[in-house]
Each structure stands twice: as C-alpha cells, then as structure tokens.
2 protein chains.
Amino acid sequence: MQDTKTRILDAAERLLADRGLAACSIRAVTAAAGVNLGAVNYHFRTKQDLIQAVFARRLKPLNRERLAELDACEARAGDRAVPLEDLLHAFLAPAMNLERDGTAFVRLLGRMYTEPYLDSQRIFAAELGEVVQRFFRAFHRTLPQLPPEELFWRLFFTVAIMAQTLAAGSLLRHISKGLCNPSDLQGAQIRLIQFAGAGLGAPVAGTRKSRKAGKGGSS
Amino acid sequence: MQDTKTRILDAAERLLADRGLAACSIRAVTAAAGVNLGAVNYHFRTKQDLIQAVFARRLKPLNRERLAELDACEARAGDRAVPLEDLLHAFLAPAMNLERDGTAFVRLLGRMYTEPYLDSQRIFAAELGEVVQRFFRAFHRTLPQLPPEELFWRLFFTVAIMAQTLAAGSLLRHISKGLCNPSDLQGAQIRLIQFAGAGLGAPVAGTRKSRKAGKGGSS
DNA sequence: GTCTATAGTACGATAGAC
DNA sequence: GTCTATCGTACTATAGAC
C-alpha cells in the first residue's frame, strides 16, 4: 500500500481521464483512493492544484524522454536532417509507452488539450511549449520547404490526432463497429506516424511544384 | 427578440462550447439568455435533453448538407471515383461554414467528440455514424488500396483534426506565439484538406507500392 | 499526517402561482 | 408559456480533533 499522496494522485489521474476535468469530483477521487476527503486539502489544497500535480508528475519525465529521443535522433543523423519518421517517433513513442504502462495519463493529456476547465489549457500550453520549440526547430530542418506558419499548423494537426486517439479512441471502436481496436497502441502509433508523416510532408497548398493536381472544383 | 426556446438554445450552444459540457450550468444558460430558470425545465426537461436539443438543431441540417455535397461530387464524377480533395471538402466545408455564420456549434461538436459527459459521446456517434457510413463508401472507392480497417483509422484521424482545430484552436495561437491565426477558417480548411488528403492517401505502412500520395520533401 | 464534522455555496429539478 | 420559490443533493474548502 502506497502513501496517501500517491494513492490520491493515481486515483485522480484515472478519474480525471475517465470523467473529464469538471465532472471529476474530489470526493470521487478520495473515495476511489480509499482516503479521507480532507487529505486532498492537506496535500494539494485545491482541486486545481491537484490537477496540476497529477499533470506535472508525468509530463516532466515524459518531455525529458522526448527530448532525449530527439537528441539521440540528431546524434544519429550527424550533419543531415533527422528523417521525418524518426522525429515523429521521438515525439509520440514516449507518450504511447506511458499509456502502455497502465497509466491513464495520456488520456488526461488529451482532456487538458481540449477541455476548458480552470486554467488547464494554459498549464498545458506552458508545459508543452518548451518541447514544441525544440521539435519545431528539428522539424523545420527536416522540412525546410515549409514556411514556419505552415509547419506550426501541421504540428498542431499532428498533436491533435495524438490527443484524440488517446482520449477518445473508444469512439473509433464504436464507429467502425468493432473493426478497429484503439487499444492496439502499437498499431495506432504506426498508423499515426504514417498518416502524420504524409500530412507533414505534403506540398504546400497553392504551390505548383507538387506532383499532384490542385484542388478539384468545389460546388 | 426571439422566443424563449430559441434564446435558450442559442445561449446554451455558446456556453456549452465555451465552458465544456459539465462546467456549463443551466443557471448560467438561463442568465445569459435572460430567461427564467424554470423555462428550461418546461421546454427541455433535463440538462441532458437540452444538450441533445442544441446538438440536434444544427447537426441534422449539417449532415444533410454534407450528404448533398457528396451527392453533387458523385454526380460530377460520373463513373469515376470522386477526387479525394472533393470528398474532404464535402465533409469539412459545411462545418466550417457553420462556424463562419457565428454559431459556436462546431466548437461544441469538438467538445462532444472528446468530453465524456452523460451520454454525449453515444449521441454523437449515433448521429455521425450515418454520415460516416456514406462517406466511408465514397472514400473506399477513391482509395481502393486501403483495407477497411486502415481507412477507418484514417477517417478517424481526419475527424480528430477537424474537431480539435475547431474546439481548441486558441491553443494554436498561443503555442505559435501569434504566428498562426486559428480564426482564419478559410486557411484552416485549406490546410486541413491538404494535410488530411496526404495522410489518407499515404501508402499503407509495411507495403512497398506507394501510390500517388504526396510526400513532398521528406529526406 | 490523517481523520471527522461542517460551513457555505451551487447545482438540477420541480411544484405551483400567474 | 413564463415566473417565483424551494426541495434535496452534491460540491469545494476548511476548521479542529486525534
């Protein structure tokens, strides 16, 4: 049996991910953790502070791992740009592995990405910003033909897919009538890298030097 | 001044989108609508019924428009498969236009896609399922090399990008330090179609025969 | 450090006047 | 059809016993 603080963090992580930020009550957390309501106030003060603590516990190691992977990629590439798939792998795989470890954290990550509760989005953006900057430079080197604005958009799309896949994957099972298994994280990761890699590397809309014809007529 | 029922629906749409489903209280809705608390109970009974009514009001016309666009695409294509970009346009443009009309509905759509509140996701999946089936067949015809499972995954990714772009676009402005403007819906739509088009058309991971998919300049 | 007990507030829902 | 008034409940946060 772990200490109270850890039990609260574990229970909060799971319930926040399962129910959403606003719908998860402190009482539900303490009940699930088997501790008393007052313990949350002692260890974390408010609900917002608890959410932030749950978030920080996983995110800092996660981002450290991402940057370590990125460093390894760049060392491997030497003077050349890092291959696109390697960059995507460095960013995505650490998150996927966390989920595989049985934590609900990555689903929570997806929630904080979307749900406007308290200042969660600001916390999220602040923590992610640092990693985004580092990866942005690496992606820019690999895809020098993309203007920075375009690259930001596409990285945003990439993170959006990751967040939704991990936060709302169960919808996929439902819509595909069981054909797709969103719990297959390995398969999801491969598909995500394939899809986002193609999207990131797509020619810039409006330029002519792509092999593909421009956009067909709209009505 | 519109009637009470419409005022409630309008206020609820905006507040649900702004605050999230769980964090939006009926009292906040009635206060914003300038009507009495009891009116919600009279017109909609429960909060869940109100959410469903907000949702149904826009989604049915939206999906009808999507299917009409799809019909037009297929008529234009004749015996051939509909070009990929046209399919994406038929699916995405009606939603983008709704947002342009000043409604907050598409942000709400993004919320319901992600936030696990009451049975919102079930409602969402049920309403969307019909359109997905129709579009699935059309996409399958345009991309016959993709196994159904693969195509479902990629359509899921595509919808994920759309939902997140419209629900959490403000994050993009923040992370890009103002470089990207997520309110530019026209630009977002073009970029989304470009990105998702390349992702959908990417070769299946593990196979060697790449088709026309536009991987521009990855190393 | 953990618990009990509770203050204070906001909520969803509804009954009943008009 | 709209409003007032209110019931019962659940919540966050905290004070104080142990």
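Computed from heavy atoms alone, side chains included, the values below leave out hydrogens, waters and symmetry copies.
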In whole angstroms, how far is the [atom2] atom of [N] from the [atom1] atom of [X]?
| X | N | atom1 | atom2 | value |
| --- | --- | --- | --- | --- |
| A/Lys5 | C/dG1 | NZ | C1' | 12 Å |
| A/Gln2 | C/dG1 | CD | P | 17 Å |
| B/Leu21 | C/dG12 | CG | C1' | 16 Å |
| A/Arg7 | C/dC3 | CZ | P | 8 Å |

State, without any angle test, whether A/Gln164 and B/Thr114 hold a side-chain donor-acceptor pair at a distance under 3.5 Å.
->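 Per modelled atom types, A/Gln164 and B/Thr114 side chains form a pair under 3.5 Å.
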Of the nucleotides C/dC3, C/dC11, D/dC11, which one has an atom closest to the side chain of A/Ser25?
->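 For the A/Ser25 side chain, the nearest candidate turns out to be D/dC11.
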Can you check whether B/Thr4 has a side-chain N or O nearer than 4.0 Å to OP1 or OP2 of D/dG1?
->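 Answer is no, no contact under 4.0 Å.
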Side-chain donor-acceptor contacts of residues 49-61 of chain A below 3.5 Å, not counting sequence neighbours, with atom names and distances?
unit_1	atom_1	unit_2	atom_2	d
A/Asp49	OD2	A/Thr46	OG1	3.2
A/Arg57	NH1	A/Asp10	OD1	3.0
A/Arg57	NH2	A/Asp10	OD1	3.0
A/Arg58	NE	A/Glu13	OE1	3.4
A/Arg58	NE	A/Glu13	OE2	2.7
A/Arg58	NH2	A/Glu13	OE1	3.0
A/Lys60	NZ	A/Glu127	OE2	3.3

Give the ring-plane orientation class for B/Phe136 versus B/His140, where under 30° counts as parallel, over 60° as perpendicular and anything between as tilted.
->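 Parallel, since the angle between the ring planes stays under 30°.
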Within the side chain of [X], is there an N or O that forms a donor-acceptor pair under 3.5 Å with the backbone of [Y]?
| X | Y | result |
| --- | --- | --- |
| B/Gln189 | B/Leu92 | no |
| B/Thr103 | B/Leu98 | yes |
| B/Arg173 | B/Asn181 | no |

Per-nucleotide protein contact string for nucleotides 13-18 of chain D, where B marks a base within reach and S marks sugar-phosphate only (heavy atoms under 4.0 Å, - for neither) = BB----
